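See below for the structure under consideration.
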Amino acid sequence: MTRRLPFTLTPLPGESFESWTTAYARRLRVTTSELTRALGLTADPPPAVTTPLTVADATGLTPRTFAAMFHPPLPDLPPRTPDALRTAATAGRTSRFCPTCLAEHPGRFALAWQLRWTFFCLDHGQPLADRCPRCGSTQPVRHPSGRTPPGHCTRHVTAAATTTRCGFDLTEPPHPTCADPAAAHTAQQLIDRSLARLRLPPDATARHEALATLTDLTILAAHIATNDRPRRQRTPVAGDLRADTLLTAYQLLTAPTAGRPDDPLAPLVAHHSAGPRPLAVPESWKSASPSLTTRIAHSRDGFLRPIERLRHATTLPTLHPPTTDPTSGEPDPAVLRAARLPDQLWPVWTIRLLDDDSLEPVTFRPAAIAALLLPHSALRLNQITALVSDQITGGTVAHQLGKLTRGPAGSTTLRILTELALACDTHPIPIDYTRRRHLAATTELIDRATWRSFLGPGELRRGHRRRLDFARSYLYELLTDGNLAIASPPYRIVDPARRPAYHEFVLGMPAPLADDLTSHAHALLLHAGVTDEPLRWAPPAHWVHTHDWPGADLEHTDPAPIHDLLTRQHRSPQQVAETLHMSTEHVRQAVRLHPLPRPLYPTHRAGAILPLHPDTSQQHKPGIHYVDPTWLHEQYVTWKRTLADIADEIGCVYSTLRAFAEKHGIPLRPSGGSHHIHTLTGTHPSQLPEPLRSALTGHQAHLRLERFTMIVRHSNLTRAAEEAGVTPASLSEQLTYLERVCGGTLMRRHHPRRLDSPTELGQALHLQIEAHILHDTTSHP
Ligand SMILES: [Zn+2]
Ligand SMILES: [Zn+2]
């Protein structure tokens with residue numbers, strides 16, 4: 001049972017327990033420890049707030065009045081709360097003081113002065129004093145009993161080998177001053193309000209905000225205090241929270257130029273020495289609130305890797321802090337976004353960002369989607385890529401973005417990606433891509449019979465099965481806007497050798513077939529009960545505010561020149577891209593938007609003949625013959641070669657060459673006629689001398705020449721006819737024919753039936769026959 005004390009000293013509003021007991025003990029003329037014993041409290045450790053009943057018995061003070069003299073217990077602070085904040089929010093062993101307050105209430109100290117957070121007296125508009133102006137000592141919270149009255153410096157000072165109490169009257173000048181009392185006043189009000197909210201549990205959001213404010217102020221004040229120190233001594237301490245540092249921190253935190261190039265925060269965070277690229281938010285700033293974190297990253301934008309620039313949205317012209325807090329337990333923005341996006345960047349956006357062939361779209365497009373997941377996400381890069389596909393890695397994304405942003409348009413590209421990502425969070429997306437992917441994964445998409453029904457009779461040819469697979473992959477792309485390299489197995493095209501064949505399939509698809517497949521995709525959606533979605537969609541351009549798009553606009557691409565180069569000039573997509581100064585992907589996607597009016601290769605069977613354009617870099621396809629019509633004309637008309645001979649040389653089929661010649665307006669001679677030149681294989685007519693060349697014209701030219709050699713040998717028509725096994729009349733007729741085509745007499749005649757010797761022309765022909773024909777015959781049996 002506690003004895004009732006003779007009188008009660010009511011504590012001043014906001015007074016500390018230590019101040020009250022000191023004042024009370026002095027009035028009772030006892031020591032502080034005698035008083036606390038009388039109150040039923042132990043002096044050391046300090047009394048617990050939970051034991052005021054004996055105090056109430058002894059003094060008549062209500063438990064509430066008693067409890068107000070202690071700091072209420074702190075709520076559980078998040079693990080990332082900086083140590084300086086933990087220390088600052090709990091009472092220290094020393095106390096600041098307002099000299100004017102001390103003058104009004106001699107020796108009475110406020111509880112709040114014990115906090116490192118309290119630096120300014122709101123009543124007197126002046127900073128609190130940290131130390132005794134005379135000896136420079138801090139003042140202890142517990143006043144030592146003794147002769148020094150409260151309100152006077154209690155510290156010992158040693159001078160001339162003797163130690164005495166300083167005893168300075170702390171109400172005496174000089175009083176601390178402040179550069180901007182109005183700002184300090186506001187700052188202290190903000191701190192007091194935040195502290196009150198931090199301690200009062202009811203509103204979680206208000207508590208969260210209060211903690212964020214106090215954390216930011218602590219971090220800022222600590223950096224201001226330690227920034228000039230050597231790197232190793234930068235660990236902040238509670239003492240770094242002073243009037244000057246807290247006031248500067250408050251002014252930095254509320255600066256109107258936050259996030260702008262002249263942000264006063266920048267000098268504090270943006271320094272970076274050479275070496276590896278720094279983090280957007282250095283370790284010492286890690287616990288800052290989302291808004292301060294955004295500002296720090298913004299100030300360091302110039303040093304950062306693309307991944308970090310995206311994550312903290314540093315390329316936006318204005319600060320854009322995340323609206324959700326990663327510690328609040330809400331899903332990460334990347335997770336939410338991934339569920340609403342396709343697994344690769346939309347084609348139109350791919351081309352807007354990049355319209356050259358420097359990056360392979362099959363890798364770049366999923367990397368760009370991973371980039372879209374980055375803004376405001378707290379996930380690690382590999383966790384983010386896993387949301388896209390297990391086939392791509394963070395390293396790939398970093399590499400692709402590095403290459404993308406290395407050019408002068410790098411910042412623009414990142415800004416577009418950032419704006420697009422944040423716009424996706426706030427705008428409706430009319431396609432449920434997750435459902436589409438599920439539909440593709442659980443359906444065959446097209447069966448053999450349906451596919452066959454889309455094909456003309458001429459299109460059912462070799463490669464049919466592969467083309468059906470390609471049609472399925474094409475439908476997968478139509479429905480999901482997904483990437484075939486990372487698609488589920490039936491649609492996946494990983495083999496780099498198969499990819500060009502697929503591109504060719506899509507590129508060469510005539511409009512009617514493309515229309516059929518599009519209608520089929522619509523039907524698949526209807527069948528799956530999807531009635532309220534467009535088949536395909538991409539975010540509109542106005543979601544992003546830019547006038548300097550790095551790439552071109554696919555939707556405004558004129559397909560006519562592309563069609564012309566592909567179908568009439570048989571250029572490859574790469575050549576078309578080069579000619580039209582766009583990316584190959586741009587060509588491919590433009591053809592998807594505007595399919596070719598007719599199939600790309602109408603006679604694209606093995607052995608077909610296509611016109612050769614000698615002056616262009618035409619792409620040659622295996623199994624196809626390329627023939628220049630002008631050349632064919634020359635061979636056939638000028639040199640009188642046979643089509644069979646020419647077909648032999650080309651290696652094509654005679655009838656195909658004949659059709660090709662007809663198509664290109666070459667006047668065909670009647671077959672078996674007498675106007676061809678019959679050379680031996682391998683000898684071009686241009687290599688034969690006259691009159692042999694002319695002698696080779698016509699049917700049975702070789703036989704005729706063979707008989708001419710008999711005539712020359714025998715110089716006698718009858719004996720030559722006997723050797724040849726024909727009548728002399730017939731042989732004479734053949735000689736006459738030969739003389740006509742050679743343009744002169746070959747044999748001198750005494751009588752029509754009696755031959756003498758060869759003329760000069762005949763001699764020449766005979767020698768030529770021996771040199772070219774007989775020689776060739778023996779060497780090529
Ligand atoms: Zn005061
Ligand atoms: Zn002193």
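Order of appearance sets the numbers: ligands from 1, and atoms from 1 within every ligand. Predicted, not measured: the structure shown is a model, and the values here were computed from it. The first residue of the sequence shown is numbered 1, and numbering continues consecutively from there.
Our summary of the site lists the angle at the Zn ion (ligand 1) between SG of Cys98 and ND1 of His124 as 120°, to the nearest 10 degrees. Expressed to the nearest 10°, the angle at the Zn ion (ligand 2) joining SG in Cys132 with SG in Cys153 is 120°. The SG atom of Cys135 and the SG atom of Cys166 subtend an angle of 110° at the Zn ion (ligand 2), given to the nearest 10 degrees.
Between Gln139 and Phe97 the shortest heavy-atom distance is CG-CE2, 3.8 Å.
In this structure, Asp130 pairs ionically with Arg116, as a charged nitrogen and a carboxylate oxygen lie closer than 4.0 Å.
Contact check for Trp113 versus Cys101: side-chain heavy atoms found under the 4.5 Å cut-off.
Note that the NE2 atom of His376 and the OG1 atom of Thr418 stand 8.5 Å from one another [nearest 0.5 Å].
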